[in-house]
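Since the structure comes first, as structure tokens, the remarks are kept for the end.
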Amino acid sequence: MENALETALHGARSALVRDLTARDVADAAVVSLLEDAIAQRRWWVEQWPDGVDYVLGLVAQDVQDGLLEGWGRWPLCTVCAADGDPHALSVEPELGPDPHWVCGKEGVVVSAVGELTP
């Protein structure tokens, strides 16, 4: 279980750094927020080992929530950007493997978590 946990946590960290970098918000404070989310999810998976497959999506949601409090909505939807109605993408499934960034307004999958583009 420990190896699966470490693999999931490292994968989540790497995926979120790619997404944060793609949308140009990967400064030190945001990466620190990501590290806090990783630490909290480590504890969570230690309590519920079957949740290891959900770590990526949960860390993405944790980072998104943390950014909302101190930075603003992230990541903004590029599908609807021309509409002048900036809104954040959401992570789907909320609790499941293979999470994606989805435009809730249009119901469109924008990318897998970790594969956002600028």
Criterion side-chain contact (heavy atoms from CB on, under 4.5 Å) on Asp27 and Leu20, from CA distance to verdict: CA-CA 9 Å; Asp27 66 17; Leu20 292 164; over 6 Å; no
Nearest heavy-atom neighbours spanning Trp44 and Leu58: CH2-CD1, 3.3 Å
Out of curiosity, does Val109 fall in the hydrophobic cluster containing Leu95 (side-chain heavy atoms, cut-off under 4.5 Å, transitive links)? no
Donor-acceptor pair, side chain of Asp24 and main chain of Pro118, under 3.5 angstrom: no
Separation between OG1 of Thr78 and CG of Leu116, rounded to the nearest 0.5 Å: 8.0 Å
Ignoring hydrogens and angles, tell me if any N or O in the side chain of Arg23 forms a donor-acceptor pair with the backbone of Pro75 under 3.5 Å. no
Would you mind reporting whether Arg73 and Leu68 have side-chain heavy atoms less than 4.5 Å apart? yes
When you compare the side chain of Val102 with that of Val91, does any pair of heavy atoms fall below 4.5 Å? no
Smallest heavy-atom separation, Leu56 atom then Ala15 atom, equals CD1-CB, 3.7 Å
Can you tell me how far SG of Cys80 sits from CD of Glu106, rounded to the nearest 0.5 angstrom? 4.5 Å
Hey, is CH2 on Trp43 packed in by over 12 heavy atoms from elsewhere, all under 6.0 Å? no
How many angstroms lie between NE2 in His100 and CG in Asp98, if you round to the nearest 0.5 Å? 4.5 Å
Minimum heavy-atom separation for Ala12 to Val55, with atom names? CB-CG1, 4.0 Å
pair Asp19-Val25: side-chain heavy atoms closer than 4.5 Å: no
Between Arg41 and Glu46, is any pair of side-chain heavy atoms under 4.5 Å apart? no
Around Glu94, counting heavy atoms of other residues, nucleotides and ligands shown, do more than 12 lie under 6.0 Å from its CD? no
Side-chain (His10) to main-chain (Ala8) donor-acceptor, under 3.5 angstrom: no
Between Gln64 and Trp101, which heavy-atom pair has the shortest distance, and what is it? NE2-CZ3, 3.8 Å
Assess whether side-chain contact (heavy atoms from CB on, under 4.5 Å) is satisfied between Leu33 and Asp62, documenting all intermediate values. CA-CA 9 Å; Leu33 186 140; Asp62 293 343; over 6 Å; no
On a heavy-atom basis, the closest approach of Val113 and Ala60 is CG1-CB, 4.0 Å
Give a yes or no on whether the backbone of Leu9 and the side-chain of Arg42 come within a donor-acceptor separation of less than 3.5 Å. no
If you compare all heavy atoms of Pro93 against all heavy atoms of Pro99, which two are closest, and at what distance to 0.1 Å? CD-CA, 4.1 Å
Under the side-chain contact (heavy atoms from CB on, under 4.5 Å) criterion, do Trp74 and Leu89 qualify, and how do the steps go? CA-CA 7 Å; Trp74 179 88; Leu89 299 172; over 6 Å; no
Check whether Thr21 reaches the backbone of Val17 with its side chain - one donor and one acceptor, N or O, closer than 3.5 Å. yes
